[in-house]
Amino acid sequence: MNIPSMVASAYTTSAKVLICGADGQIGHALAELLLQQQGLECIALGRRKLDVTDPEQIRQQLERHLPDYVINCAGFNRVDDAERQPDQALAVNSAGAASLAAACALLSIPLLHLSSDYVFDGHYASGYSEDDAASPLGVFGRSKWEGEESVRNLHSQHLILRVSWVFSARGDNYLLRTLEQARHEAMIEAVDDRRGCPTSAEDVARVILAILRQLTCGIDVWGTYHYCGAEITSRYGFSEAILAAARQYEELAVQELRAVASADYPAAAQRPASSVLKCRKLLSTFGIRQRPWRSELQRVIREHYGEL
């Protein structure tokens, strides 16, 4: 069902939303956004209050709050560490997603689940649609794919949203790591043979809110969707933009940004050469358009330097 023309007055007046992983980048941004919305009650739970690797804790929290929707932002998202700690990555991203999906299904609570472009191997330079076959390169991607499959198989009322290259002014992400290097090193490197679309955590939160507002109409649009920021770039191009934006606020130590090949940039985990996600399905179903990542980067940099 295509619903972009449906008006806001068609939305239900209230809904209770429970966020798992509210201490992560996207979970935090989503909680802040939902708390500002009329008609939406937000229950934001970090790992200490809801550990998705604990099925009993999941059951207790869901029965205690009885939300109308659950959004799973919890994840083991450290790609290199997933290769070193595969059991932990699989426990959160795969088994944890399965436990949450089973509990939501038992209580007939719709589940929105976040996933990643890492379910693909990155060989399609033009980008990936939702129907393309998954082929993860390593433990992180495999754990995300297994989590997706569990959600699909265990709960009919699910919506999976894959995102890529997430950045924000908090947590551990490429933007903040680049700034930290630039403050202390005269030369830093960035790979120029990996392509993607940087996506701010706040932009993902905006998309989830728009989806939620339309789901409250009772529409049947479950399935898998993609979202990322508008405009394809490389890690090198993203780094250039980060440094240019930051230099408006501070003098950085870095004098040279050097482009290198992935093969010359050692890492524990192999990364997809292309993290580009095609977002046409999200647009045609929900009427949600991509925002340019460059304007989002400027906003996040202002926030980082305390001007928001």
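Positions are given from 1, in the same order as the sequence printed here.
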With Y174, the side-chain contact (heavy atoms from CB on, under 4.5 Å) member among F167, W165, F238: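 Checked F167, W165, F238 against Y174; only one passes side-chain contact (heavy atoms from CB on, under 4.5 Å): F238.
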With Y227, the side-chain contact (heavy atoms from CB on, under 4.5 Å) member among I208, L277, D203, L283: D203
Should [X] and [Y] count as an ion pair when the cut-off is N to O under 4.0 Å?
X: E180; Y: R177; answer: no
X: D54; Y: R59; answer: no
X: E146; Y: R142; answer: yes

I need the [X] [atom1] to [Y] [atom2] distance, nearest 0.5 Å.
X: R302; Y: R299; atom1: CZ; atom2: CZ; answer: 8.0 Å
X: L243; Y: L179; atom1: CG; atom2: CG; answer: 7.5 Å
X: Y118; Y: N77; atom1: OH; atom2: CG; answer: 10.5 Å
X: R235; Y: D193; atom1: CZ; atom2: CG; answer: 12.0 Å
X: H155; Y: H113; atom1: NE2; atom2: NE2; answer: 12.5 Å
X: L62; Y: L18; atom1: CG; atom2: CG; answer: 6.5 Å

Considering all heavy atoms, the nearest [X]-[Y] contact:
X: S295; Y: P292; value: OG-O, 2.9 Å
X: A169; Y: E303; value: CB-CD, 3.8 Å
X: D51; Y: I58; value: O-CG1, 4.2 Å
X: L257; Y: S239; value: CD2-CB, 3.9 Å
X: I160; Y: S115; value: CG2-CB, 4.0 Å
X: A230; Y: W293; value: O-CD1, 2.9 Å

R47, CZ atom: more than 12 neighbouring heavy atoms under 6.0 Å: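 Atom CZ in R47 is not packed in, count stays at 12 or less.
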CZ/R289: more than 12 non-hydrogen atoms of other groups inside 6.0 Å: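 Counting neighbours around CZ of R289, 12 or fewer heavy atoms of other residues, nucleotides or ligands fall under 6.0 Å, so no.
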No-hydrogen, no-angle side-chain donor-acceptor test under 3.5 Å, S129 and D131: no
Between Q36 and E32: side-chain donor-acceptor atoms closer than 3.5 Å: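 Result is no, nothing qualifies.
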Cluster link L34 to L111, ILVMFWY, side chain under 4.5 Å: no
Single-linkage hydrophobic cluster I26~Y69, side-chain heavy atoms < 4.5 angstrom: yes
F120 and H226 aromatic ring geometry - parallel, tilted or perpendicular at 30°/60° bounds: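 Geometry flag for F120 against H226: perpendicular rings.
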N/O donor-acceptor pair under 3.5 Å between S274 side chain and P272 backbone: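 Flag not set: sc S274 to bb P272 has no pair under 3.5 Å.
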Donor-acceptor contact present, side-chain D68 to main-chain K16, <3.5 Å: yes
From R152, R162, E130, residue fulfilling side chain to side chain donor-acceptor pair (under 3.5 Å) relative to T224: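 Among R152, R162, E130, the one meeting side chain to side chain donor-acceptor pair (under 3.5 Å) with T224 is R152.
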Side chain to side chain, Y128 and D121, heavy atoms closer than 4.5 Å: yes
